Amino acid sequence: MCSAARTFPDGFLWGSATASYQIEGAYDEDGRTFSIWDTYSRTPGRVLNGDTGDVADDHYHRWSEDVGHIKNLGLHAYRFSLAWPRIQPGGSGAFNPRGIVFYSRLVDALLQSGVQPVATLYHWDLPQELEDAGGWANRDTALRFADFAAHVAGQLGDRISVWTTLNEPWCSAFLGYASGVHAPGRTDPAAALAAAHHLNLGHGLAGRAIRSVLGEQAQVSVTLNLHVTRPDDPDSAADRDVIRQLDAVGNRVFLGPMLDGAYPQDLLEDTASVTDWSFVKDGDEATIAVPLSVLGINYYSTSRARRHFGDSPREHADGHKESDVSPWVGADDIDFLTQPGPYTAMGWNIDPSGMTELLTDVGARYPDVPLMVTENGAAFYDRVSADGRVHDADRVSYLHRHIDAVGTAIDSGVDVRGYFLWSLLDNFEWAWGYDRRFGIIRVDFDTLERTWKDSAYWYAELIRANALPPVDRIPTHSAVGSTAG
Ligand code: IFM
C-alpha cells in the first residue's frame, strides 16, 4: 500500500545551518583575534583529542565551493554566524574592514544563487578580551554586542533576510558559566544567571540597534534551545514541580523577558539562594522584549527528571556532557534519568514526538509569534563505503521522522515557517571536537574534501518536491548533482 507523501505549505523555507567557529578556520588571518573558544580549545583536557577550530572546514578559504553545494542542494536559505573577533578584533573599538568583506562576499554569492542569508550575530565566539573583562557576567558585554550589531547591520544592510541575535543563550550562560563544559569554562552559578540576563539584554539592545539602522521592517529573531523535559512519574506532584522548575531555568529565563516582558516570579524564587538578581536594572526587561519577527527553535532530544530525595546515588544523563557541576542552577536536588534509546552518537535519545510537543507548546504560549526550526539534525559515526558514498541511513531516518513531526505541528495549526537542518557540513562539535559528525556533507578533515552523504541527496529531493520522500528514496548523483559551482 502506498500512502501520499507529507507535503509542506507553499513558501515553507528549507535551509541548513552552520556557525563561524565550527567551520571557518583561519583563526589568525586578516586581523581576527582570539575568541573564548580559541582559548578554551587550547586548554588541555577541555576538548576531545585536543581539537581546535584553527582549520575546521577551512570555510574561510572554501566558501565559494560551499555556496556551490548550498545552491546544488536547492536550499532556500542558509543560516550562518558572524565571528565577532573577525569583524571587531578584541570586541570593542575599531572595526576590521577585512572581517566584514568576508561576510559581504558570502552574502552576495548566496543572493546570486537565489539563497536567503539568515545571519546569527553571536554563536558563542566571544572576543577573549571581553571575557577577560568579565564576559557575559559583565553588563558592559551587552552594550558592546549592541555596537557590534549596529555596525554589522550598517555593513550588510537589507541583504540579510533574518537577523538572529543569539544562538542558544542557554548554552552560553549555563554550559559556559555554570557547568563549564563550554567556553569560557567557568563554574559559578551566580555568574551564569548574570550571564543569562546580560545575554537577554544584549539580544534586546542588538535587536533595537538593528532596527534603528535598517528600519522597523528589519526581521529580528533569536534562536533558543528550549528543553522538553518530562516528569519521571506524571502522577507525582513533586515530579511535576521539577518540570516547572526546569522550564523556568531552562526556557522561561529567556522566553519570559523576551516575549512576556518580565522574568517569571518562580524563577526568581527558585534561584534566590544563588543571586538576588540585582543585575536586572530598571527598564531592562522592557528593552529585552524587542518585538520578534520570528522565534527560532532548536530541537534535538528530550529528557526526563525527578526530584532527588535522600542519599541515593545521583544519575547524570541529561543529554549534556558529564560534569561534576550541573548547568541547572538552583536545581541541585533534581535527577536526570536515562531516556530509552535509540541514541545518536551524542548519546542523545531520538524522540521526534518532542519536536511536535515543543512546537505545539510554544505555539500555544505565543500564538502571534511565527516559529522557525533553526536547528535539528543528528551526529552518527558515518563511514565511507567501498562505493565512495556515505550511506547514512540512520541520519535519513532521524531527519524523516523529525521533519514529519514538524508537519504534525503545522497540521495542528502551529505557525512554523521553515526548517534548518544542522548541519550543512561535518564540523567542530565544541567539546567533542571533530569526533561527532552532524553534516549532510562529509568533510575529510585531512584533505578537507567535501562529499555528499545520502542524507544530502535525500534532503535535496525533499526540497525539490516540498514533500517528505520515503527514507529509501536516495536520488542518484546524476539526478541531483553534488558538485559545486
Ligand atoms: O553544534 C551545535 C550547534 O553549534 C548549536 N546547537 C547544537 C549543535 C549540536 O550540538
Side-chain angles (χ1 to χ4, degrees), residues 15-25 35-38 40-41 46-48 51-53 56-57 59 78-84 118-126 164-176 179 181-183 199 221-228 250-251 254 295-303 318-323 327 343-351 354-355 358 372-382 395 398-399 402 419-441 443 445 455:
S16 187
T18 63
S20 46
Y21 190 75
Q22 295 182 271
I23 66 165
E24 285 180 3
S35 75
I36 53 176
W37 271 97
D38 294 278
Y40 189 80
S41 62
R46 291 302 205 177
V47 175
L48 192 63
D51 290 341
T52 72
D57 294 341
H59 171 75
Y78 172 56
R79 174 175 178 252
F80 62 98
S81 78
L82 299 126
W84 188 349
V118 172
T120 300
L121 288 163
Y122 184 73
H123 197 128
W124 307 354
D125 38 6
L126 185 72
T164 304
T165 55
L166 307 172
N167 177 73
E168 300 184 350
W170 186 86
C171 297
S172 301
F174 296 102
L175 301 183
S179 66
V181 298
H182 276 193
L199 283 153
S221 180
V222 67
T223 279
L224 303 178
N225 59 314
L226 299 173
H227 303 266
V228 182
N251 301 334
F254 302 108
L295 172 63
I297 292 185
N298 293 355
Y299 173 80
Y300 289 92
S301 65
T302 57
S303 47
D318 64 351
H320 295 285
K321 291 165 279 292
E322 294 295 325
S323 164
Y343 308 99
T344 70
M346 298 296 284
W348 300 345
N349 66 310
I350 299 176
D351 185 353
M355 172 74 92
L358 178 59
M372 188 102 90
V373 177
T374 38
E375 281 183 32
N376 173 243
F380 289 106
Y381 292 110
D382 303 317
R395 183 174 290 101
Y398 179 100
L399 295 171
H402 285 76
Y419 173 94
F420 288 72
L421 194 162
W422 185 271
S423 179
L424 179 71
L425 303 165
D426 290 339
N427 58 48
F428 176 82
E429 177 52 30
W430 309 113
W432 297 103
Y434 298 101
D435 194 67
R436 304 289 197 274
R437 293 173 177 271
F438 274 90
I440 54 171
I441 296 179
V443 176
F445 292 115
S455 53

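Computed from a predicted structure; not experimentally measured. First listed ligand is number 1; within each ligand, the first listed atom is number 1. FYI, side chains are in, hydrogens and waters are out, and symmetry mates aren't considered; it's all heavy atoms of this structure.
Between Asn298 and ligand 1, a contact under 3.5 Å exists for no N or O pair.
When the heavy atoms of Trp348, Tyr300, Tyr299 are ranked by distance to atom 8 (C) of ligand 1, first place goes to Tyr300.
Of all atoms in ligand 1, numbered sequentially from 1 with element shown, those under 4.0 Å from a heavy atom of Gln22 are 1 (O), 3 (C), 4 (O). For ligand 1 and His123, the ligand atoms under 4.0 Å from any heavy atom of the residue are 3 (C), 4 (O), 5 (C). Interface atoms of ligand 1 facing Trp124, defined by a heavy-atom separation under 4.0 Å, are 5 (C). Atom numbering of ligand 1 starts at 1 in the shown order; those under 4.0 Å from a heavy atom of Glu429 are 1 (O), 2 (C), 9 (C), 10 (O).
Scanning all protein heavy atoms for the shortest distance to atom 6 (N) of ligand 1 gives Glu375 OE1, 2.5 Å.
Between Phe428 and Tyr434, the ring planes lie perpendicular to each other; the angle is over 60°, past the 30° to 60° tilted range.
When only modelled atom types and interatomic distance are considered, Asn376 and Tyr398 share a side-chain donor-acceptor pair under 3.5 Å.
In this structure, the side chains of Glu168 and Leu175 stay at 4.5 Å or more apart for every pair of heavy atoms.
Distances from ligand 1 to the non-hydrogen atoms of Trp432 include no value under 4.0 Å. Every heavy atom of Arg436 sits 4.0 Å or more from the atoms of ligand 1.
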Checklist entry - Passes side chain to side chain contact (heavy atoms under 4.5 Å, CB included), Tyr419 versus Met372? Steps please. => result CA-CA 6 Å; Tyr419 173 94; Met372 188 102 90; over 6 Å; no
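From Thr120, atom OG1 reaches atom CZ of Arg79 across 4.0 Å, with rounding to the nearest 0.5 Å. Going from atom CG of Leu48 over to atom OG of Ser41 covers 12.5 Å, rounded to the nearest 0.5 Å.
For the side-chain hydrogen bond (donor to acceptor under 3.5 Å, both in side chains) with Glu375, the lone residue among Tyr300, Tyr299, Trp422 that qualifies is Tyr300.
No part of Tyr21 comes within 4.0 Å of ligand 1, judged by heavy-atom distances.
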